[in-house]
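Numbers for residues simply follow the sequence, beginning at 1. Computed from a prediction, not measured in an experiment: that's the story for all the values here.
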Amino acid sequence: MIKNFIFDVDRTLIDSYKPELETLKEALFIVTKNTYDDETMRKLTTLTTDEFFKNLGIERNSNTMKEINHYWGLLLEKRKLHFFDGIKNLLIALRKNNFFLGIVTSRTKEELDELEELLDCIDLFDTVITSDMVTLPKPNPESLNIIIDKFNLKRDETIYIGDSESDSIAAKNALIYFGFANWENKNKIFRYDYLFEKVQDINKLIY
């Protein structure tokens with residue numbers, strides 16, 4: 001029986017893909033005058049922010065990066081990010097039934113703090129691990145192992161629910177179950193233990 005639920009954030013809890021993709025493309029064009037196809041931009045959700053921009057040849061502490069973040073922030077302010085339908089009720093139900101709740105995300109702490117709707121429910125979670133809290137972010141299993149070891153969780157009772165191949169690899173290497181969040185998803189995942197076509201499918205593990 002699954003007793004411990006650990007979630008990714010973007011495209012799993014939060015419907016962030018389209019708003020972030022569109023506003024980042026706008027910010028990149030404003031600053032660099034370059035345009036990028038959707039496949040290149042899609043990698044944003046499977047890499048840490050630093051890795052993504054490094055692939056574009058943009059260094060973290062450069063003036064170019066600061067300008068991009070400035071315009072990206074301004075554009076995103078006009079497009080608040082929200083939970084997928086049913087997520088908040090799911091989290092409340094899990095907490096009510098005394099399941100363990102955790103978050104492992106490629107976002108940094110600063111980036112996570114931008115998600116107002118998630119922060120309003122952050123007390124529902126037992127722990128949150130962001131990419132800047134570990135030496136080796138996903139797909140390395142370090143983040144998941146930290147939670148499992150700290151809270152003495154049984155691996156055969158733990159599931160990580162995410163949307164990307166890096167999430168799948170991290171769960172596999174942590175020797176826990178992987179649940180593929182397939183709502184509003186364009187990724188192709190070839191290894192998963194549970195397929196969730198809609199948020200409500202997760203209820204099958206609760207009742």
Handout entry: Distance, nearest 0.5 Å, that separates NE2 of His82 from OG of Ser16
Key = 12.0 Å
Exercise for the section: Kindly indicate whether the side chain of Trp183, heavy atoms from C-beta on, has any atom under 4.5 Å from the side chain of Val199. Expected result: yes
Practice task
Please check if Ile169 and Phe178 belong to a single hydrophobic cluster, counting links between Ile, Leu, Val, Met, Phe, Trp and Tyr side chain heavy atoms closer than 4.5 Å.
Solution key: no
Handout entry: Reported CD1-to-CG distance for the pair Ile87 and Leu91, which is rounded to 0.5 angstrom
Key = 6.0 Å
Practice task
Go through the side-chain N and O atoms of Lys172 and Tyr177 and say whether any donor and acceptor fall under 3.5 Å apart.
Solution key: no
Problem - Atom pair CG/CG of Leu101 and Asp123 - distance to nearest 0.5 Å - result: 12.0 Å
Completion exercise
When rounded to the nearest 0.5 Å, the distance separating CG of Asp15 from OG1 of Thr12 is 11.0 Å
Problem - From Asp85 atom CG to Lys198 atom NZ, the distance as rounded to the nearest 0.5 Å - result: 13.5 Å
Completion exercise
Applying ring-ring contact (aromatic ring centres under 6.0 Å, His included) to Tyr71 and not counting sequence neighbours gives none
Practice task
Determine, stepwise, if the pair Lys25 / Thr35 fulfils side-chain contact (heavy atoms from CB on, under 4.5 Å).
Solution key: CA-CA 7 Å; Lys25 287 174 76 171; Thr35 58; over 6 Å; no
Handout entry: Stepwise side-chain contact (heavy atoms from CB on, under 4.5 Å) test for Trp72 and Ile30
Key = CA-CA 10 Å; Trp72 193 14; Ile30 290 170; over 6 Å; no
Handout entry: Residues that Phe5 engages under ring-ring contact (aromatic ring centres under 6.0 Å, His included), provided they are two or more places apart
Key = Phe99
Handout entry: Glu22 side-chain N/O to Pro19 backbone N/O, donor-acceptor pair under 3.5 Å
Key = no
Exercise for the section: Applying ring-ring contact (aromatic ring centres under 6.0 Å, His included), name anything that partners Phe100, two or more places apart in sequence or on another chain. Expected result: Phe151
Handout entry: pair Pro139-Glu165: side-chain heavy atoms closer than 4.5 Å
Key = no
Exercise for the section: With sequence neighbours left out, write down each residue that passes side-chain contact (heavy atoms from CB on, under 4.5 Å) with Thr158, or none if nothing qualifies. Expected result: Asn4, Ile6, Leu153, Ile176
Problem - Asp8 side chain reached by Val104 side chain, heavy atoms, under 4.5 Å - result: no
Exercise for the section: Go through the structure and list residues passing side-chain contact (heavy atoms from CB on, under 4.5 Å) with Lys66, not counting sequence neighbours. Expected result: Asn63
Exercise for the section: Evaluate the criterion side-chain contact (heavy atoms from CB on, under 4.5 Å) for residue pair Ile14 and Leu118; output intermediate values, then yes/no. Expected result: CA-CA 8 Å; Ile14 297 292; Leu118 178 61; 4.3 Å; yes
Practice task
Indicate yes or no: at least one non-hydrogen side-chain atom of Asn182 is less than 4.5 angstrom from one of Tyr192.
Solution key: no
Problem - Co-membership, hydrophobic cluster, residues Leu119 and Leu90, 4.5 Å side-chain - result: no
Practice task
Could you name each residue pair satisfying salt bridge (charged side-chain N to carboxylate O under 4.0 Å, His left out) that touches residues 95-107, not counting sequence neighbours?
Solution key: Asp10-Arg107, Glu20-Arg107, Arg95-Asp126
Problem - Any donor-acceptor N or O pair under 3.5 Å, side chains Ser164, Ser166 - result: yes
Fill in the blank from the handout: Sorted by chain and number, sequence neighbours left out, side-chain contact (heavy atoms from CB on, under 4.5 Å) with Asp120 holds for none
Exercise for the section: Using the test salt bridge (charged side-chain N to carboxylate O under 4.0 Å, His left out), find all partners of Glu116 that sit at least two apart in sequence or belong to another chain. Expected result: Lys80
Handout entry: Side-chain (Glu117) to main-chain (Phe83) donor-acceptor, under 3.5 angstrom
Key = yes
Practice task
Identify, with sequence neighbours excluded, every residue that meets salt bridge (charged side-chain N to carboxylate O under 4.0 Å, His left out) alongside Asp113.
Solution key: Lys109
Exercise for the section: Search all heavy atoms of Ala181 against all heavy atoms of Ile161 and return the closest pair with its distance. Expected result: CB-CG2, 4.1 Å
Practice task
Side-chain contact test, heavy atoms from C-beta onward, threshold under 4.5 Å: evaluate it for Ile159 versus Tyr194 and give yes or no.
Solution key: yes
Problem - Of all pairs that satisfy salt bridge (charged side-chain N to carboxylate O under 4.0 Å, His left out), the ones with a partner from residues 147-156, not counting sequence neighbours - result: Asp149-Arg155
Handout entry: Validation row: Phe53, Ile68 side chains within 4.5 angstrom (heavy atoms)
Key = yes
Handout entry: Main-chain N/O of Leu136 paired with Glu142 side-chain donor or acceptor, under 3.5 Å
Key = yes
Problem - Side-chain heavy atoms of Leu28 within contact of Ile58, under 4.5 Å - result: yes
Practice task
Identify whether NZ of Lys or CZ of Arg in Lys33 sits under 6.0 Å from the centre of the six-membered ring of Phe29 and within 45° of that ring's axis.
Solution key: yes
Exercise for the section: Determine yes or no for a side-chain-to-main-chain donor-acceptor pair under 3.5 angstrom, with Ser131 supplying the side chain and Ser106 the backbone. Expected result: yes
Exercise for the section: Flag yes if Ile148 and Leu175 sit in one hydrophobic cluster, no otherwise; membership is Ile, Leu, Val, Met, Phe, Trp, Tyr, and two members link when side-chain heavy atoms are under 4.5 Å apart. Expected result: no
Completion exercise
Minimal heavy-atom distance between Gly86 and Gln200, with the atoms involved, is CA-NE2, 4.1 Å
Practice task
Taking salt bridge (charged side-chain N to carboxylate O under 4.0 Å, His left out) as the test, write out the residues that go with Asp193, two or more places apart.
Solution key: Arg191
Problem - Distance (rounded to the nearest 0.5 Å) between Tyr160 OH and Ile147 CD1 - result: 8.5 Å
Practice task
Taking the side chain as every heavy atom from C-beta outward, state whether Ile103 and Ile129 have any pair of such atoms under 4.5 Å apart.
Solution key: no
Handout entry: Check: Asn55 side chain, Phe52 main-chain N or O, donor-acceptor pair, under 3.5 Å
Key = no
Exercise for the section: Scan for ring-ring contact (aromatic ring centres under 6.0 Å, His included) pairs involving residues 120-148, sequence neighbours excluded, and state none if there are none. Expected result: none
